[in-house]
Protein chains: 2
Amino acid sequence: MAEDRRTRRSRRALGAALVELVLERGFTALTVEDITERADVARATFYAHFRDKEDLFARVTADLLAGLAERLAPVVADSAIGFTGKPVLEMLRHAREERDLYRIVLRGEGDGKPLQMFVDACARATAEEFRARAERNAVQPRIDPELLARVWVGEQIAVLRWWVEQETLSLPAEEVVRMLLDLAMHGRYWASGFEPPA
Amino acid sequence: MAEDRRTRRSRRALGAALVELVLERGFTALTVEDITERADVARATFYAHFRDKEDLFARVTADLLAGLAERLAPVVADSAIGFTGKPVLEMLRHAREERDLYRIVLRGEGDGKPLQMFVDACARATAEEFRARAERNAVQPRIDPELLARVWVGEQIAVLRWWVEQETLSLPAEEVVRMLLDLAMHGRYWASGFEPPA
DNA sequence: GCCAGTTACAGACAGACTGTTCATTAGCCA
DNA sequence: TGGCTAATGAACAGTCTGTCTGTAACTGGC
């Protein structure tokens with residue numbers, strides 16, 4: 001008796017409706033009634049499941065993050081040595097599947113709070129990864145790992161957003177990962193075509 | 001007769017009140033009445049100047065961007081050759097002066113729209129800069145300049161946000177610029193303490 | 001300093017949206 | 001099938017919005 005089918009149906013429909021509508025009109029423009037109408041659910045039912053539309057959005061985002069974490073877990077363990085790019089690749093694949101949701105989250109809909117959840121989760125994981133890796137390999141970071149994680153995540157998010165916003169996902173995920181790896185290795189100076197000055 | 005003093009007073013007060021209140025309670029939580037009350041202005045007066053609170057926020061952000069552009073103009077001309085970091089330094093100084101506003105914009109308040117204005121403005125300028133520089137020095141970018149600009153801006157924004165959110169601005173702007181330059185030069189691999197593999 | 005023109009003001013207004021409650025109906029699962 | 005739980009539609013007060021008054025206060029030019 002894990003969960004009543006009616007409950008599942010309602011929640012799913014409301015979540016899907018939210019995503020559709022945010023994509024069409026933006027989060028703030030939406031009414032609870034808009035959402036319930038699209039989901040074909042009574043307004044009273046909405047309030048039986050969620051406090052308000054922010055709550056719904058937060059849960060949808062949390063589910064997305066949970067799904068991402070689940071997919072990342074096995075991959076992260078493997079890439080403990082260096083920047084293999086495997087976790088990033090897995091995230092890009094996830095983003096391709098859940099493209100609409102990624103879009104609205106990365107656009108900062110909902111006062112940027114879902115995005116913050118996303119960024120903070122990534123930053124925390126990355127910082128921890130950096131710390132552990134430095135210790136394991138006994139190297140001294142040249143830049144505060146906390147800040148470095150923020151930078152790394154900021155970069156990933158920027159690329160991710162650019163990627164999911166393209167009408168056709170013409171550039172394959174593998175290409176994107178390669179570019180990010182090149183950047184991490186050689187720096188932006190190299191990427192822009194210059195040889196680093198002596 | 002450029003502008004009536006009363007007009008100026010009202011607009012300024014409303015803008016300042018908005019910034020204060022967003023910092024305290026977040027944008028969506030605010031009421032037009034909250035803002036007018038804090039600004040000590042009649043509610044009707046608000047609507048004489050702005051369509052709604054989004055409009056007010058958008059104008060405040062636009063003013064900020066205009067101010068930034070003004071300060072950046074002379075500096076950008078000088079740094080045409082390479083990554084001197086001067087424009088970034090100037091932006092950091094601007095951010096220190098307008099710290100509260102930078103904070104709320106970078107947090108993505110207002111459905112991320114002001115942030116988008118900010119990011120897009122930066123990205124456009126940066127991409128143009130990259131393009132011009134590559135042409136002037138006759139080098140071939142190794143990565144799509146459009147994407148490179150997004151990455152660069154994403155990185156800057158991440159650092160900027162981290163910086164303005166610190167309670168004390170303990171790390172001087174010059175230090176931050178140095179770190180960003182190091183990253184641009186040598187890449188993140190270097191920054192994390194590793195020597196780049198052959 | 002006065003005066004015409006503009007702005008600020010308080011209050012009132014309908015309309016929309018919110019979040020809650022309730023009695024009733026429909027669907028589920030064992 | 002029967003007991004339980006969720007969904008429904010309708011109604012509710014309360015809040016916020018955006019607009020529109022007539023009146024009072026101020027401003028800048030003369």
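Every chain is numbered from 1, with letters handed out A, B, ... down the list of sequences.
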Please work out whether the ring planes of B/Y102 and B/H94 are parallel, tilted or perpendicular, with thresholds of 30° and 60°. perpendicular
Distance in angstrom units between [X] [atom1] and [N] [atom2], rounded:
X     : N      : atom1 : atom2 : answer
B/L56 : D/dT17 : CG    : P     : 13 Å
B/F46 : C/dA10 : CZ    : C1'   : 18 Å
A/R12 : D/dA7  : CZ    : P     : 14 Å
B/E37 : C/dA10 : CD    : P     : 12 Å
A/L14 : D/dA6  : CG    : C1'   : 13 Å
B/F50 : C/dT7  : CZ    : C1'   : 14 Å
A/E3  : D/dT5  : CD    : P     : 15 Å
B/D55 : D/dG18 : CG    : P     : 10 Å

Does C/dA8 have OP1 or OP2 under 4.0 Å away from a side-chain N or O of B/S10?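 Checking B/S10 against C/dA8: at least one side-chain N or O falls below 4.0 Å of OP1 or OP2.
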Check whether any side-chain N or O of B/H49 sits under 4.0 Å from OP1 or OP2 of C/dT7, and answer yes or no. no
With a 4.0 Å cut-off on heavy atoms, is A/R5 in touch with a base, just the backbone sugar-phosphate, or nothing at all?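 Sugar-phosphate contact only.
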With a non-hydrogen cut-off below 4.0 angstrom, is B/T7 in contact with a base, only sugar-phosphate, or nothing? sugar-phosphate
Flag the pair B/E165 and B/R107 as a salt bridge only when some basic side-chain nitrogen lies within less than 4.0 angstrom of an acidic carboxylate oxygen.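 Yes, charged N to carboxylate O under 4.0 Å.
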Within a strict 4.5 Å, meaning less than it, do heavy atoms of the A/F27 and A/L18 side chains meet?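 With C-beta onward as the side chain, the pair touches.
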Identify which nucleotide among [options] has an atom closest to any side-chain atom of [X], counting heavy atoms from C-beta outward.
X     : options               : result
A/D4  : D/dG18, C/dA8, C/dC28 : C/dC28
B/Y47 : D/dA7, D/dT17, C/dC9  : D/dT17
B/R43 : C/dC28, D/dT8, D/dT19 : D/dT19
A/V32 : C/dC9, C/dT18, D/dA25 : C/dT18

Residue closer to the 5' end of DNA chain D, B/K53 versus A/R8 (nearest nucleotide): A/R8
Go nucleotide by nucleotide along DNA chain D from the 5' end; which of B/R6 and A/A44 gets its closest nucleotide reached first? A/A44
For A/E128, look at atom CD and say whether over 12 heavy atoms of other residues, nucleotides or ligands are found less than 6.0 Å away. yes
Kindly check if the number of other-residue, nucleotide or ligand heavy atoms within 6.0 Å of CZ (B/R8) is above 12?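 Atom CZ in B/R8 is crowded, with more than 12 foreign heavy atoms closer than 6.0 Å.
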